Amino acid sequence: MDSVLVSACLRGVPCRYDGRDKASPEVDDALAGRAVVPFCPEVAGGLPTPRRPAELVGGDGHDVLDGRARVVEDTGRDVTAEFVAGARRALAAAHAGGCAEALLMPRSPSCGRGSVYDGTFGGELVTGDGVTAALFERNGITVRPALQSSPPGAGPESTPSDTQGAGPESSPSGV
């Protein structure tokens with residue numbers, strides 16, 4: 001069976017920074033027929049739920065992995081180590097689950113793919129990837145942002161194109 005790692009918040013786990021989830025029928029439809037490995041890198045990295053908002057400062061997730069950028073909360077607290085640890089645990093979960101693909105939460109500093117918030121906490125987007133998305137890409141895991149409505153001014157999100165079928169779901173790893 002085809003396995004996919006999915007941001008746990010997209011599967012109804014209330015693990016987002018605001019303590020909520022982002023489950024949607026569109027995501028459920030995209031995952032039908034696939035073995036799902038739900039995972040929250042931020043919780044797996046040791047961050048609580050709820051938690052302060054965090055954004056990438058000085059670059060994107062690739063830059064964080066290379067030591068050229070940081071992940072910082074809106075209070076100024078550096079949470080880079082937690083984001084990197086969570087990304088590494090997510091990669092281990094993807095490998096353990098046999099996942100060659102990940103469906104991740106758009107715009108997140110962990111899971112964003114193609115666009116992330118700019119580090120000013122003003123709601124502006126820039127081109128780039130989150131820390132987990134960057135680590136997955138570096139390790140040959142295809143990353144797709146989940147279909148979500150875009151905020152004003154954001155470009156269209158890509159949609160999961162080849163994710164049809166129905167299958168079992170594992171327990172929410174990392175949460």
Side-chain angles (χ1 to χ4, degrees), residues 1-17 21-23 27 30-31 34-49 51 54-73 78-117 119 126-148 157-163 167-175:
M1 169 151 315
D2 188 26
S3 298
V4 59
L5 185 134
V6 179
S7 295
C9 62
L10 295 171
R11 299 302 295 152
V13 178
C15 58
R16 285 173 35 96
Y17 76 95
D21 69 66
K22 281 292 208 173
V27 169
L31 295 171
R34 303 191 69 189
V36 174
V37 177
F39 198 91
C40 178
E42 294 172 23
V43 171
L47 296 172
T49 302
R51 57 189 164 275
E55 292 189 9
L56 299 160
V57 175
D60 75 346
H62 295 279
D63 297 310
V64 169
L65 294 172
D66 292 338
R68 295 188 306 260
R70 301 177 301 133
V71 186
V72 179
E73 291 180 340
D78 188 318
V79 289
T80 303
E82 291 89 338
F83 274 71
V84 171
R88 289 181 179 143
R89 289 182 179 121
L91 180 62
H95 284 155
C99 303
E101 181 181 355
L103 184 66
L104 302 179
M105 183 67 204
R107 302 178 294 277
S108 157
S110 288
C111 298
R113 172 72 174 98
S115 65
V116 292
Y117 290 106
V126 295
T127 300
D129 299 321
V131 178
T132 298
L135 187 62
F136 280 7
E137 291 167 5
R138 289 181 176 193
N139 285 274
I141 296 173
T142 301
V143 177
R144 300 183 193 284
L147 179 60
Q148 299 282 320
E157 296 290 344
S158 61
T159 58
S161 59
D162 56 329
T163 54
E169 182 168 297
S170 64
S171 63
S173 304
V175 287

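Predicted model, so just to flag it, every value in this text is computed and none were measured. What's counted below: heavy atoms across the whole structure, side chains too, no hydrogens, waters or symmetry copies.
- Here the closest non-hydrogen pair linking Cys99 and Val4 is SG-C, 3.6 Å.
- Under a 3.5 Å cut-off, the side chain of Ser7 and the backbone N or O of Cys9 do not form any donor-acceptor pair.
- Of all heavy-atom pairs between Ala90 and Thr132, the closest is CB-CG2, 3.9 Å.
- With Thr80 contributing its side chain and Val71 its backbone, the two residues share a donor-acceptor pair below 3.5 Å.
- The heavy-atom pair separating Ala87 from Val131 by the smallest distance is CB-CG1, 3.9 Å.
- Pairing each heavy atom of Ala133 with each of Cys111, the nearest pair is CB-O, 3.9 Å.
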(request) Any chance you could lay out the side-chain contact (heavy atoms from CB on, under 4.5 Å) test for Glu42 and Leu47, step after step, and finish with the verdict? (result) CA-CA 6 Å; Glu42 294 172 23; Leu47 296 172; 4.2 Å; yes

(message) side-chain contact (heavy atoms from CB on, under 4.5 Å), that's the test. Do Arg138 and His62 meet it? Break it down for me.
(response) CA-CA 9 Å; Arg138 289 181 176 193; His62 295 279; 3.5 Å; yes

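- By the 4.0 Å N-to-carboxylate-O rule, Glu73 lies too far from Arg51 to be salt-bridged with it.
- Arg88 meets the side-chain contact (heavy atoms from CB on, under 4.5 Å) test with Val84, Leu135; sequence neighbours excluded.
- In this structure, CZ on Phe39 lies 10.0 Å from CG on Leu91, to the nearest 0.5 angstrom.
- No side-chain heavy atom of Leu103 sits under 4.5 Å from any side-chain heavy atom of Val36.
- The side-chain heavy atoms of Arg107 and Ser115, taken from C-beta on, include a pair separated by under 4.5 Å.
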(request) Check step by step if side-chain contact (heavy atoms from CB on, under 4.5 Å) holds for Arg11 and Leu31. (result) CA-CA 10 Å; Arg11 299 302 295 152; Leu31 295 171; 3.5 Å; yes

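- Considering only heavy atoms from C-beta on, Val143 comes within 4.5 Å of Glu137 through its side chain.
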(request) Check the pair Val37 / Leu5 against side-chain contact (heavy atoms from CB on, under 4.5 Å), numbers first and verdict last. (result) CA-CA 5 Å; Val37 177; Leu5 185 134; 4.2 Å; yes

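- A pairwise comparison of heavy atoms in Val13 and Asp21 identifies O-CB, 3.4 Å as the closest pair.
- Here the straight-line distance linking atom CZ of Arg16 with atom CE of Met105 works out to 5.0 Å at 0.5 Å rounding.
- Scanning all heavy atoms of the two residues, the minimum distance from Leu56 to Asp129 falls at CD1-O, 3.8 Å.
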